[in-house]
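Just so you know, these numbers come straight off a predicted model, no measurement behind them. Read the numbers this way: they start at 1 and go in the same order the structure lists the ligands and their atoms. Sequential numbering from 1 along the given sequence is applied to the chain's residues.
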Amino acid sequence: MKPMGPIPRWFTAEGGMLLLGGCGAASLVDEAGDTPLFVYDLDIVRATIAGLRAAMPDVLHLHYAIKANPYAPLLEAMAGLTDGFDIASKGELGAALAAGMAPDAISFAGPGKRDDELRAAIQAGVTLNLESDGEADRALAIAEAVGVRPRLAVRVNPDFDLKGSGMKMGGGAKPFGVDADRAAALASRIIAAGADWQGWHIFAGSQALDAGAIIETQRETLALAARLSDAVGQCPPLVNIGGGLGVPYFPGDEPLDPRPIGLALEEAITMAPDILEESAFAMELGRYLVAEAGVYLTRVVDVKESHGERFAVVDGGLHHQLAASGNFGTVVRRNYPVAVTNRFGAETVPEPVTIVGCLCTPLDRLADKVMLPEVAPGDLIAVFMAGAYGATASPSAFLGHAPALEMLVEA
Ligand SMILES: *Cc1c(COP(=O)(O)O)cnc(C)c1O
């Protein structure tokens with residue numbers, strides 16, 4: 001037997017059936033027409049954002065990093081719920097604009113921006129978070145050629161990282177951003193070249209569940225922004241302090257309480273050096289806003305036994321939900337929370353069951369030796385924590401199965 005992560009606190013059942021957006025999971029599958037199906041519950045997203053906003057300082061802008069989940073109906077809703085989008089490609093630029101986000105509230109980060117991507121962003125009037133001196137040169141030349149004053153911010157590779165983060169995005173040699181000791185020189189250079197300098201983007205890490213570490217990193221981030229701004233001699237219009245707020249995927253993970261983080265950030269902003277007095281501040285989050293709201297529903301095709309172990313084989317797998325298989329940014333495979341939707345809350349049977357996907361690879365394991373109620377062919381399995389880095393972060397063309405369906409629901 002192996003433990004699994006905690007089922008997010010939002011979910012309940014009626015008559016033993018898991019409810020999503022007030023509707024039974026099985027009837028949502030009927031409505032969608034097939035499995036596997038990702039269901040995103042907009043009420044959970046709204047409640048998460050409301051809780052975060054209540055905790056954070058009023059001045060803080062909340063940006064959504066759309067790579068976490070770019071499903072179009074969700075993006076449209078997010079355009080109304082957040083203050084900006086962070087994008088990482090020309091494709092995401094199109095998605096962000098189509099969702100109705102204002103161009104001046106969109107910032108474009110990410111290494112390896114091609115010339116056509118830089119051009120599209122500059123013409124649309126979105127902010128480029130510059131990742132290198134070379135990218136700055138290309139952006140300035142393209143802006144000159146198209147006759148637009150570009151909105152440019154400098155992404156800084158900080159000289160610290162976010163302790164305890166699942167994914168380190170700063171500190172030491174990194175492909176992201178410009179090293180802190182060279183960032184001020186780059187900002188001064190783009191200002192001298194006539195660009196509309198937008199400030200700093202400092203993203204130190206991701207998936208942290210330690211509030212103390214987040215607080216410490218945010219203090220360091222504001223201090224770094226102030227130091228760099230002093231060197232430039234100008235107040236940055238925006239300081240994007242990154243994000244890093246994590247979500248509980250695994251056994252023992254506890255949800256983060258945003259309130260102490262908000263209080264500390266309020267104090268850090270109030271006490272910030274004068275050079276940041278006129279600055280706006282933004283936090284950019286992906287998974288924290290949407291991960292808990294998503295459930296991946298997949299149907300049991302077969303139940304079998306091998307060498308005394310029980311396997312339930314489902315019609316989904318890592319081609320839709322790679323992260324739950326343990327192959328997306330985790331070192332040791334641990335179980336995501338899962339449930340049998342039609343026996344939600346029912347008593348578990350004594351023998352553990354391993355839930356495997358339909359792909360012909362031993363990597364395709366959605367839950368390893370977990371304790372669940374009876375599982376039979378036709379049952380619907382729910383894999384929780386599927387609202388971020390699911391459908392678009394999985395190798396959906398692998399083995400030629402159909403892509404998963406997606407659906408946005410609300411009560
Ligand atoms: C991916 C990414 C995010 C979102 O990360 P989460 O862990 O989903 O919050 C934010 N900012 C940048 C620059 C990113 O690359």
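- Nearest residue to atom 14 (C) of ligand 1 from E284, R287, K67 is K67 (criterion: closest heavy atom).
- Within the structure, ring pair (Phe, Tyr, Trp, His ring centres under 6.0 Å) pairs that include any residue of residues 226-262 comprise Y249-Y336, F250-Y336 (at least two apart or interchain).
- Checked against a 3.5 angstrom limit, the closest N/O atoms of Q207 and ligand 1 fall outside it.
- Looking at T48, its side chain never comes within 3.5 Å of a backbone N or O of L289 through a donor-acceptor pair.
- Considering both main-chain and side-chain atoms, G286 comes within under 3.5 Å of ligand 1 through a nitrogen or oxygen pair.
- Between the side chain of H61 and the main chain of N240, no donor-acceptor pair closer than 3.5 Å is present.
- Ring to ring, F203 and F176 are not that close: their centroids are 6.0 angstrom or more apart.
- Under 4.0 angstrom from ligand 1, the non-hydrogen atoms of Y389 all belong to its side chain.
- In this structure, a donor-acceptor pair under 3.5 Å is present between the side chains of W200 and S229.
- Heavy-atom contacts of A65 reach the following atoms of ligand 1: 3 (C), 4 (C), 10 (C) (cutoff under 4.0 Å).
- At under 3.5 Å, not a single nitrogen or oxygen of Y288, backbone or side chain, sits near a nitrogen or oxygen of ligand 1.
- Listed by number with element, the atoms of ligand 1 under 4.0 Å from a non-hydrogen atom of S206 are 5 (O), 6 (P), 7 (O).
- A donor-acceptor pair is defined here as one N or O able to donate and one able to accept, closer than 3.5 Å; no such pair exists between the side chain of E284 and the backbone of G242.
- Applying the 4.0 Å criterion to heavy atoms of H201 picks out, from ligand 1, the atoms 13 (C).
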